[in-house]
Protein chains: 2
Amino acid sequence: MTEPDALEPRELHAWIGFLAAAHLLEHEIERQLKRDGDLSHPEFEVLVKLAMAEDRRLRMSDLARQVMVSKSRLTYQVTQLERDGLVRRTACGNDRRAVWAELTDAGADALTKVRPGHRKVVRENLIDVLTPAELETLGTAFARVAARLHNRPARPAASD
Amino acid sequence: MTEPDALEPRELHAWIGFLAAAHLLEHEIERQLKRDGDLSHPEFEVLVKLAMAEDRRLRMSDLARQVMVSKSRLTYQVTQLERDGLVRRTACGNDRRAVWAELTDAGADALTKVRPGHRKVVRENLIDVLTPAELETLGTAFARVAARLHNRPARPAASD
DNA sequence: GAGAAGTAGTTCAAATCTGAACGACCGACG
DNA sequence: CGTCGGTCGTTCAGATTTGAACTACTTCTC
């Protein structure tokens, strides 16, 4: 009498585990970032992407794409970060519509301050809890999952 | 010149993949639930937990724990669901502090309506993208990760 | 059984997030 | 040139979330 399309135990187990892990990990990360540097996770991700970028700056659109956040949300985040002096907005020469979001020295410092703790959280609660084989599997599997979702953000459905 | 505690490529790959998959999957689920039944993901999870519970009801605290959501957030969610007639609040006999959140028939119907689509999203974007072996690995690995985080929500650090 | 300590749920203000609408600009094409 | 479709980033109102009180009740302790 169970519904026909319900997930099977194996599948359900994996799905539940994924949800729980994502929830709890997110919570733990949020806690650490707040504690060590008074940053939210989205703010942290913004700083990380900027730190990795050429000249420590990115256009708002590109930044939004990389952090996987809506435009309006990024506008808000960057405004907050700018208020705290961690990021600076700059006009973008060629394209007068665009805006650079640029990491300031203070921003780089903030990153330096929280990053060790962040890595510790990721290590202790994910990386080190997995065997190397599991880690490998997880990497390839999720790359595939992400790729699929990335190419299919919204589409009328095409049989492939 | 890379920092000493940075994640290694393998580790980073797994971590990035996890983050991306979580982000994108969440986004896709949100979209489907909104489209098919005008529900948010948290609302959906509340309904699911209630549907699974004995007598289709749970005390607010237990519900909050199961959905992994703060008390105040649950209060808000349940208020919304109650406004839409999907959930009903009832006094809890023995313990006069407690409140039952109970799934209504309308709530059960709403669940019936969105669930197939929800399962489709989970299948198409996660389950079916993985090999059975990967699924298995993912299940055991995340169960371990979740268990660890669950037992260690905040603690002064004890060497184990 | 009185009081201390803990638990259940809510409330409130402030912070954050969403999504549609907007103004400004770019690029192509006639 | 002009102007049309698309992009860039912001704005705004409304929805949701957070976290610290707060009230009411229960349980433990002596």
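Chain naming here is simple, since letters A, B, ... match the order of the sequence lines and numbering starts at 1 in each.
For the atom pair B/L39 CG and B/Q80 CD, the distance stands at 11.5 Å (nearest 0.5 Å). Rounded to the nearest 0.5 angstrom, A/W15 CH2 and B/L138 CG are separated by 10.5 Å. In this structure, the separation between CD1 on B/I29 and CD on B/E45 is 8.5 Å, given to the nearest 0.5 Å.
Two residues, B/R83 and A/K34, neighbour DNA chain D, and the one matched to the more 5' nucleotide by heavy-atom proximity is B/R83. Place B/R59 and B/E30 on DNA chain C by their nearest nucleotides, and B/R59 ends up nearer the 5' end.
A donor-acceptor pair under 3.5 Å links the side-chain atoms of B/Q32 to the main chain of B/V114, judged by distance alone. Formation of a donor-acceptor pair under 3.5 Å by the B/T137 side chain with backbone atoms of A/E134 is not found in this model.
Using a 4.0 Å cut-off on heavy atoms, the residues of residues 69-80 of chain B that approach DNA chain C are B/K71, B/S72, B/T75, listed by number. At a non-hydrogen distance threshold of 4.0 Å, nothing from residues 41-56 of chain B comes into contact with DNA chain C. Near DNA chain D, defined here as any heavy-atom distance below 4.0 Å, the residues from residues 88-104 of chain A are A/R89, A/R97, A/A98, A/V99, listed numerically.
Pairing each heavy atom of A/H150 with each of B/L24, the nearest pair is ND1-CD1, 4.1 Å. Across every non-hydrogen atom of B/A21 and A/A146, the tightest pair is N-CB, 4.3 Å. The minimum heavy-atom distance linking B/V129 with A/R148 is given by the pair CG2-CD, 3.4 Å. A pairwise comparison of heavy atoms in B/Q77 and B/S40 identifies OE1-OG, 4.3 Å as the closest pair.
Heavy-atom neighbours of A/R10 CZ from other residues, nucleotides or ligands within 6.0 Å: at or below the threshold of 12.
Taking atom CG of residue A/D62 and atom C1' of nucleotide D/dG9, one finds them 12 Å apart after rounding to whole Å.
Taking the six-membered ring where the residue is Trp, A/F142 and A/F18 present tilted rings, their angle falling between 30° and 60°.
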Can you list, pair by pair, the side-chain donor-acceptor contacts under 3.5 Å of residues 47-57 of chain A, counting residues two or more places apart and other chains?
residue : atom : partner : partner atom : Å
A/R56   : NH2  : A/L103  : O            : 3.4
A/R56   : NH2  : A/D105  : OD1          : 2.8

For a quick test of your reading: what N or O donor-acceptor pairs under 3.5 Å do the side chains of residues 87-101 of chain B make, sequence neighbours left out?
residue : atom : partner : partner atom : Å
B/R89   : NE   : B/E82   : OE1          : 3.0
B/R89   : NH2  : B/T79   : OG1          : 2.6
B/D95   : OD1  : B/R97   : N            : 3.0
B/D95   : OD1  : B/R97   : NE           : 3.1
B/D95   : OD2  : B/R97   : NH2          : 2.8

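When DNA chain C is scanned 5' to 3' for any atom under 4.0 Å from a heavy atom of chain A, the first and last hits are C/dA15 to C/dC26.
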